Amino acid sequence: MSVSVYVHPKTRHTIFQKDHTRAVLFQYGVRLVESPEEATVLVGNRERFLHELIDAFGASKRYLLWTHEPFYWTLTGKWANIGGQRVRTISLHSGEVFFNNYFYSSICSNPYSCTATPRRRLNRTAVIVSGAKSMGDPAVVARANKVDLLQIRYELAIAGHRAGLCDVYGKDWPPGVSRGESRLGAWSLAKYEILEQYDFNICFENSLVPYYCSEKIWQAIHCGCLPIYYGQASIYQDFSEDSFLDYAHIGSPEALFDIVHRMTVSEFNERYGRCLEIFERAFPLGRPAQEHAAHYAAMQIVALNLAAPERHASESV
C-alpha cells in the first residue's frame, strides 16, 4: 500500500530531499508527489508552512511537521494543534530524529583531505564562523526551552574579539567585528578556506538537545582545528574528555583563552589526534544515521495515513 506525500516547496535539506533517504521512504510505500491535491499526507518543516497547507485543505488531509533544526519546532510532544488540525510532529525535541551523534558526520566532502601532520607551532587566535542575527534575539531565546546556546556563543566571540584573541567571520555582527562573509556562493568551501588558517575553532551547537551534533564539530576537525565546543552530553558517547575543549566545563572567556595560550604543541597534537580518530570512524556512519531517521519517519507516515479520518480531524491534542 502506497502513501502519497506532498512536501511544502520551501522545506529544504531534510530526508525528503536527499536521494538516499528518499529511497528509504520509497521502500515503505511513501510516494512523493508534485501537488498537494493528489497527496493524503502534507509535510512541512516549519509551523508556518503547515499553516499554509492547513488553510488550503483543512481536515481533508493529514499533516506532518518533520524537522531536524532545534528552533523550527521546540515543543516536546508528538502531536500538536496547528491551525485547528491535529498534526504529527517529529522533531529533535520529541526525540525522534537523532538516535546517535552521526546524522551530520558525513557532511564533509572528503574526510581524508584533512591533515594529521603534527603541529610545530600554534596559531593561538581562535576563529568563529557564524552569523549573529539571531544571537541574543529575545524571540529566539524565549522559544528555546532554556537550551539555547546562541547568546553564550555571541558573548564569547565578542569577548575574544575585544581581547584580540578571536577572529570573527559572518553576517550581522556589530560594526567592525566581522572580518568577512562566510556564506557567499559555495559557502561550505568558503568556510573550509577560513578554518584551514586556524588551529582553534569555536563551534558551539545552537541548542542542547540529545544527539544534536551538527556539522560544526565535524567541519572543525576536517579542517585541522581543535574544536572549542559546547553541546549535548551525549557527545561523550564518542569523544573523550581529553579531546576537544568543552566550554561547558571551562565556563568563561578568560579561562578558555588562558587554556589556549598555555596549551603546548604536544597537548594540541594529542587532543587533535583523538578528535581525528573519532572523525574518521564517524564519517561513514552519517548516511546510515540519516537513513535510520528516514525509516522511522516512513513508519510514522504509514501509521498517520492509516488513522481514521474522523479521529484525525476531531481528536483534541
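The basis for the numbers below is simple: all heavy atoms, side chains too, and nothing from hydrogens, waters or symmetry mates. Index from 1, following the sequence. These numbers come from a predicted model, not from an experiment.
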### Task
Kindly write out the residues that satisfy salt bridge (Lys or Arg N to Asp or Glu O under 4.0 Å) with Arg124, not counting sequence neighbours, or none if the list is empty.
none
### Message
Please verify the inter-ring angle class for Tyr229 with Phe244; under 30° counts as parallel, over 60° as perpendicular, anything in between as tilted.
### Response
perpendicular
### Query
Can you tell me how far the CZ atom of Phe204 sits from the CZ atom of Arg153, to the nearest 0.5 Å?
8.5 Å
### Summary
For residues 283-292, the side chain to side chain donor-acceptor pair (under 3.5 Å) pairs (sequence neighbours left out) are His20-Gln290, His20-Glu291
### Query
Are Val33 and Phe49 connected, step by step, through hydrophobic side chains (Ile, Leu, Val, Met, Phe, Trp, Tyr) whose heavy atoms are closer than 4.5 Å?
no
### Message
Between Phe57 and Tyr63 (judged by ring centroids, cut-off 6.0 Å), do the two rings come close enough to count as a pair?
### Response
no
### Atom pair CG (Leu226) and OH (Tyr272), whose distance is rounded to the nearest 0.5 Å
9.5 Å
### Message
For Lys216, run the side-chain contact (heavy atoms from CB on, under 4.5 Å) check against Asn201, Ile107, Asn206 and tell me which one passes.
### Response
Asn206
#### Entry: Side-chain heavy atoms of Val7 within contact of Gln17, under 4.5 Å
yes
### Task
Check whether any side-chain N or O of Arg31 sits under 3.5 Å from a backbone N or O of Val3 as a donor-acceptor pair, and report yes or no.
no
### Query
Does Leu285 belong to the same Ile/Leu/Val/Met/Phe/Trp/Tyr cluster as Tyr212, with side-chain heavy atoms less than 4.5 Å apart forming each link?
no
### Approximate separation, where rounding is to 0.5 Å, of Ile235 CD1 and Glu205 CD
7.0 Å
### Message
Tell me whether the count of non-hydrogen atoms from other residues, nucleotides or ligands lying under 6.0 Å of CZ in Phe26 goes above 12.
### Response
no
### Query
Using 30° and 60° as the class limits, which term best fits the ring planes of Phe283 and Phe279: parallel, tilted or perpendicular?
tilted
### Task
Identify whether Leu122 and Leu276 are in the same connected component of the hydrophobic contact network (ILVMFWY, side-chain heavy atoms under 4.5 Å).
yes
### Task
Please identify each residue that fulfils ring pair (Phe, Tyr, Trp, His ring centres under 6.0 Å) with Tyr28, with sequence neighbours left out.
His295
### Message
For Thr67 and Asn45, which I'm curious about, is there any donor-acceptor pair between the side chains at under 3.5 Å?
### Response
no
### Task
For Ser94 and Ser91, indicate whether the former's side chain and the latter's backbone hold a donor-acceptor pair under 3.5 Å.
yes
### Query
So with a 6.0 Å cut-off around NE2 of His13, is the heavy-atom count from everything else above 12?
no
### Message
Between Ser106 (side chain only) and Pro284 (backbone N and O only), is there a donor and an acceptor less than 3.5 Å apart?
### Response
no
### Query
When rounded to the nearest 0.5 angstrom, what is the spacing between CD in Gln27 and CG in Leu25?
9.0 Å
### Message
I'd like to know if the side chain of Lys10 and the backbone of Arg46 have a donor-acceptor N/O pair within less than 3.5 Å.
### Response
no
### Query
Aromatic rings His68 and Phe103: how do their planes relate, parallel, tilted or perpendicular, breaks at 30° and 60°?
tilted
### Message
For Glu34, is the CD atom crowded, meaning more than 12 foreign heavy atoms sit under 6.0 Å from it?
### Response
no
